Structures are given as C-alpha cells and as structure tokens.
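Chain naming here is simple, since letters A, B, ... match the order of the sequence lines and numbering starts at 1 in each. Keep in mind that what you see is a predicted model, and the values were worked out from it rather than measured.
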Number of protein chains: 2
Amino acid sequence: MRVGAALLRTEGPGVLSLREIARRAGVSHGAPRRYFPTHLSLLSAIARSGFADLSEQVWTALRAAPQDPRAQIKTIAERYVRFAATNRGMFELMFRHDVLSSGGELGLRDVSLPLFHLLTDLVAAARPASRFSARVTAAAIWSALHGTAQLWNWGSLTLATGATDPTPFIDATLAAHLGPEGRP
Amino acid sequence: MRVGAALLRTEGPGVLSLREIARRAGVSHGAPRRYFPTHLSLLSAIARSGFADLSEQVWTALRAAPQDPRAQIKTIAERYVRFAATNRGMFELMFRHDVLSSGGELGLRDVSLPLFHLLTDLVAAARPASRFSARVTAAAIWSALHGTAQLWNWGSLTLATGATDPTPFIDATLAAHLGPEGRP
DNA sequence: CATCTTCCGTAGACAGTGTCTACGCGCTCT
DNA sequence: AGAGCGCGTAGACACTGTCTACGGAAGATG
C-alpha cells in the first residue's frame with residue numbers, strides 16, 4: 001500500500017495494531033516493514049497526516065473567514081476544537097506521547113509552528129494592552145484550546161457543567177484574553 | 001500485594017505491562033488477577049490513586065495558602081501544572097482515554113468534581129463582572145490549566161516560545177479571566 | 001484433633017502482538 | 001537473455017493478556 005493514509009479511516013483506535021492494519025490492507029503482516037521500520041513509525045506517519053489534515057482545514061477555513069484578526073482567531077479556535085471532536089481517534093493518536101516523541105516531533109514543528117506564529121500575530125493585532133507578550137498570550141490561548149478539545153472529548157466538560165456544545169468555553173477564553181466581542 | 005499502590009513508583013510508563021508489574025512485585029503473572037479482573041482495571045486503580053494524590057496535594061496546598069479567592073485559584077493552578085510536570089508518567093496514565101473510560105470515569109467524578117465546584121465558587125468571588133457564568137469561566141480556566149500541563153509536558157510550549165517555566169502561561173490565563181493581579 | 005472449605009498464589013496453555021530472518025516472485029535495465 | 005532488485009510472503013521468536021487447573025496454607029466446623 002502506498003501510504004498508511006489509505007488506512008486512516010480507522011474505525012477505532014483499537015484497530016491500530018500493525019498486523020491488523022496489514023490485514024485490512026490485504027497484505028501480509030511483514031509487508032509494512034518495507035515502508036516503516038517499526039510500528040511506531042507507522043503510527044507516526046498516520047499521525048503526521050492527521051496534523052497535515054488539521055492544518056489544512058484550519059487554513060482553508062481561515063481563507064473563507066472575515067479578515068479581521070478577532071474573527072480569524074475565533075475561526076482557528078473553532079476549527080481546532082471541532083477537528084478534535086470530529087476525528088476523535090485521530091486526535092488522540094496525534095497527541096499520544098510515544099507517537100509524539102518518536103518521529104522528531106512529527107508535524108509539530110512543521111505544521112503547528114506556522115499556525116502558532118500566525119496566531120501570535122493575530123493576537124498582537126487583536127488584543128488590548130496587556131503586560132504579557134503576544135507570544136505568551138498566544139501560547140495561553142493555544143493551551144486553552146487544546147485543553148478544551150481534550151476535556152470536551154472525554155465528556156468532562158459536559159459532566160462538570162452540563163454543556164452540550166464546546167463553543168461557550170471557546171468564547172469565554174477568547175473574550176478573556178482579547179476583550180469582549182464585537183468591535184474591530 | 002495489597003494494592004498496586006506499592007508499584008506506583010513506576011520508573012516509566014513502559015513498565016506497566018501486567019506481567020512486568022507482577023514481576024516487580026515478586027509474584028507470578030497470574031497473581032494480580034485475584035484482585036483486578038483485567039489489566040485495565042489494574043491501571044485504573046493506579047490512575048485512581050494518582051487522582052487521589054493530586055487532589056490531596058491541592059487541598060493541603062490550599063490550606064497553607066492565603067485565603068483570598070485569587071490566591072487560592074492561583075494555588076490550584078500551580079499545583080495542577082506542577083503535579084503534571086513532576087509525575088509525568090502518572091499524569092499521562094491518568095488521562096489515557098482507555099483507562100479513563102473504564103472504571104466508571106474513576107476519580108473524575110469523586111475527586112475532580114469537588115475541586116471543580118470549589119474552583120467555580122472561587123471564580124465567582126474573584127472575577128470581575130462578565131457575561132459568562134462562573135461555571136463556564138471555571139471550566140475555561142480548568143481547560144487552560146489542563147492544556148498548559150499537557151503542552152508543557154511534551155515541550156511544545158518551550159518549543160514555541162522558548163519558555164523555561166510554565167508559570168507565565170498560568171499567570172496570563174488567570175489575569176485574562178480574573179483581571180490583573182494584585183487587588184483583593 | 002481431624003477434616004473440610006475457602007483464600008491466594010503458581011504454572012501452564014492459548015491466541016495475539018511486534019520484530020527479525022530467509023525466501024521468492026516479477027519487474028526493469030544493460 | 002540474464003542479473004539485480006524492489007516488494008511481498010511465511011515462519012520463527014520473545015513477549016503480552018487472559019483463562020484454566022492445580023496446590024498449599026489458614027481458619028472454621030464436626
């Protein structure tokens with residue numbers, strides 16, 4: 001099989017054993033070894049494609065969104081959390097420590113960093129005066145997004161607040177960091 | 001062995017195979033089965049003890065901290081992130097989806113919910129006027145803390161901002177949600 | 001005191017896993 | 001046409017989690 005990309009529509013994260021993947025691909029259990037020296041490197045490749053997918057979704061959404069910084073930040077935030085909620089298994093795989101630490105931080109450096117820098121610039125343009133640098137604020141927002149996605153995904157936020165939608169938490173985070181919504 | 005508690009000082013999360021745990025405990029590989037019907041239930045028990053540990057650390061730190069709401073919130077935040085940084089393997093185990101989803105959400109309901117409600121009350125007392133409910137704000141803060149702990153743990157924040165300490169992100173988050181520091 | 005039951009651990013089997021090795025088919029290139 | 005090699009197969013190995021049958025020690029019961 002060309003890449004593990006064709007196998008990404010894994011129905012669950014439990015099917016990700018090397019032999020099971022090979023089985024679904026219709027090849028013998030030794031075949032993937034030609035392309036990926038180890039099981040983890042296969043998973044890393046799958047996760048990397050997940051990062052690419054996420055970043056592409058965010059970028060295209062950004063192009064379609066209004067151009068003012070605040071709206072762009074909101075678009076990033078919503079896309080990030082929605083991606084996590086829609087592609088649960090993939091999101092979980094993408095942030096598994098063992099997968100992450102192998103493969104040279106996989107997509108983090110190549111995919112997330114440009115996005116993070118964009119976020120930093122947007123934050124610098126959108127936020128009110130603050131004693132924190134735009135980098136720190138952007139990182140805090142990113143952390144909040146990631147935590148929201150994570151907690152939302154396994155239902156903790158629903159359990160704690162009864163919410164049926166994660167957007168209020170996103171809005172609260174952005175409003176806190178950038179000031180109330182509604183003005184340029 | 002009485003509980004897996006004695007085995008918690010696991011040097012790494014890779015040693016957590018059932019047989020390896022039994023080996024370190026000096027018993028045969030079938031012995032743990034008397035107490036934990038399945039491997040996952042053993043891990044859940046270990047993770048549960050991790051939740052208990054975390055919550056205890058937070059509560060005792062709260063007792064020693066100044067009593068004004070803002071300082072209490074900061075104490076919770078710092079303890080949470082510090083726990084994650086200090087007990088990496090345990091933190092990771094505690095939030096593994098498969099461990100989480102088994103064992104009836106293990107410590108989440110029993111341990112985290114009281115803490116969350118306390119956080120909600122503190123937020124209600126400490127924050128300025130806002131159009132978001134205290135619940136939502138508290139949940140947003142919690143998400144931010146969790147995300148910070150996670151991203152910090154695998155070095156993303158350092159990679160993105162060059163920071164050597166996670167407290168700036170905590171401070172930025174709290175300042176954003178609760179207003180600048182320094183007043184009652 | 002003898003016996004029986006119940007707890008708690010052992011030891012072996014089984015299917016399944018990731019990795020490694022030897023093997024062979026079929027293509028391409030000179 | 002023949003050699004080389006990319007790409008896949010098949011079997012082995014150590015290891016895993018789960019299941020089962022077995023044993024021995026302790027306490028309860030007659």
Side-chain angles (χ1 to χ4, degrees), chain A residues 1-50 88-90 92-107 154, chain B residues 1-50 88-90 92-107 154:
Chain A
M1 81 256 50
R2 287 270 41 76
V3 263
L7 317 165
L8 291 185
R9 25 64 178 171
T10 37
E11 27 237 285
V15 203
L16 287 184
S17 93
L18 177 61
R19 286 170 120 105
E20 182 64 26
I21 294 177
R23 225 169 281 135
R24 305 249 174 164
V27 295
S28 74
H29 68 275
R33 193 141 218 284
R34 291 284 156 191
Y35 306 91
F36 308 97
T38 180
H39 182 209
L40 222 63
S41 65
L42 204 184
L43 295 185
S44 290
I46 300 180
R48 190 178 286 111
S49 92
R88 282 187 190 235
M90 177 58 90
E92 190 192 326
L93 175 70
M94 285 162 59
F95 292 103
R96 260 177 50 183
H97 94 293
D98 50 342
V99 178
L100 260 184
S101 53
S102 104
E105 302 294 331
L106 25 89
W154 57 53
Chain B
M1 80 259 48
R2 288 268 40 76
V3 266
L7 317 164
L8 291 185
R9 26 64 180 172
T10 37
E11 26 235 288
V15 203
L16 288 183
S17 94
L18 177 61
R19 286 172 121 104
E20 182 63 27
I21 294 177
R23 227 168 281 136
R24 306 248 173 165
V27 295
S28 73
H29 68 274
R33 193 140 217 284
R34 292 283 156 191
Y35 305 89
F36 308 98
T38 180
H39 182 209
L40 222 62
S41 65
L42 204 184
L43 295 185
S44 289
I46 300 182
R48 190 180 285 108
S49 91
R88 282 186 191 237
M90 177 58 91
E92 189 191 326
L93 175 70
M94 284 162 60
F95 292 103
R96 260 179 48 182
H97 93 293
D98 51 341
V99 177
L100 262 182
S101 53
S102 104
E105 302 294 330
L106 25 90
W154 57 51

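- Put simply, CG on L16(B) is 18 Å from P on dC15(D), counting in whole angstrom units.
- Distance, Y35(A) OH to dG8(D) C1': 8 Å, rounded to whole Å.
- The nearest whole Å value for the distance from the CD atom in E20(B) to the P atom in dT17(C) is 22 Å.
- The heavy-atom pair separating L93(B) from L43(B) by the smallest distance is CD2-O, 4.0 Å.
- Across the protein-nucleic acid pair, R23(A) atom CZ and dA15(C) atom P stand 14 Å apart, rounded to whole Å.
- For E20(B) and R24(B), the salt-bridge test passes: some basic side-chain N is under 4.0 Å from an acidic carboxylate O.
- Taking atom CG of L18(A) as the reference point, atom C1' of dC13(D) lies 16 Å away to the nearest angstrom.
- Taking the side chain as every heavy atom from C-beta outward, P32(B) and H39(B) never approach each other to under 4.5 Å.
- Side-chain atoms of R19(A) and base atoms of dG18(C) include a donor and an acceptor less than 3.5 Å apart.
- The A31(B) side chain lies nearest to dT10(C) when the options are dG8(D), dT10(C), dG18(C).
- If you find the closest nucleotide of DNA chain D to G30(B) and to R34(A), the one lying nearer the 5' end belongs to R34(A).
- Distance L42(A) CG to dT17(C) C1': 14 Å, rounded to the nearest Å.
- Looking at the side chain of H29(A), the nearest of the listed nucleotides dG8(D), dA12(D), dT17(C) is dA12(D).
- Atom-to-atom distance recorded for E92(A):CD and L16(A):CG is 9.0 Å, nearest 0.5 angstrom.
- In this structure, T38(B) reaches the dT18(D) phosphate: one of its side-chain N or O atoms is under 4.0 Å from OP1 or OP2.
- The side chain of S17(A) places an N or O atom within less than 4.0 Å of a non-bridging phosphate oxygen (OP1 or OP2) of dT17(C).
- The nearest whole Å value for the distance from the NE2 atom in H39(A) to the P atom in dT17(C) is 10 Å.
- Proximity of I21(A) to V15(A): side-chain heavy atoms (C-beta onward) are nowhere separated by under 4.5 Å.
- Put simply, CZ on F36(A) is 13 Å from P on dC7(D), counting in whole angstrom units.
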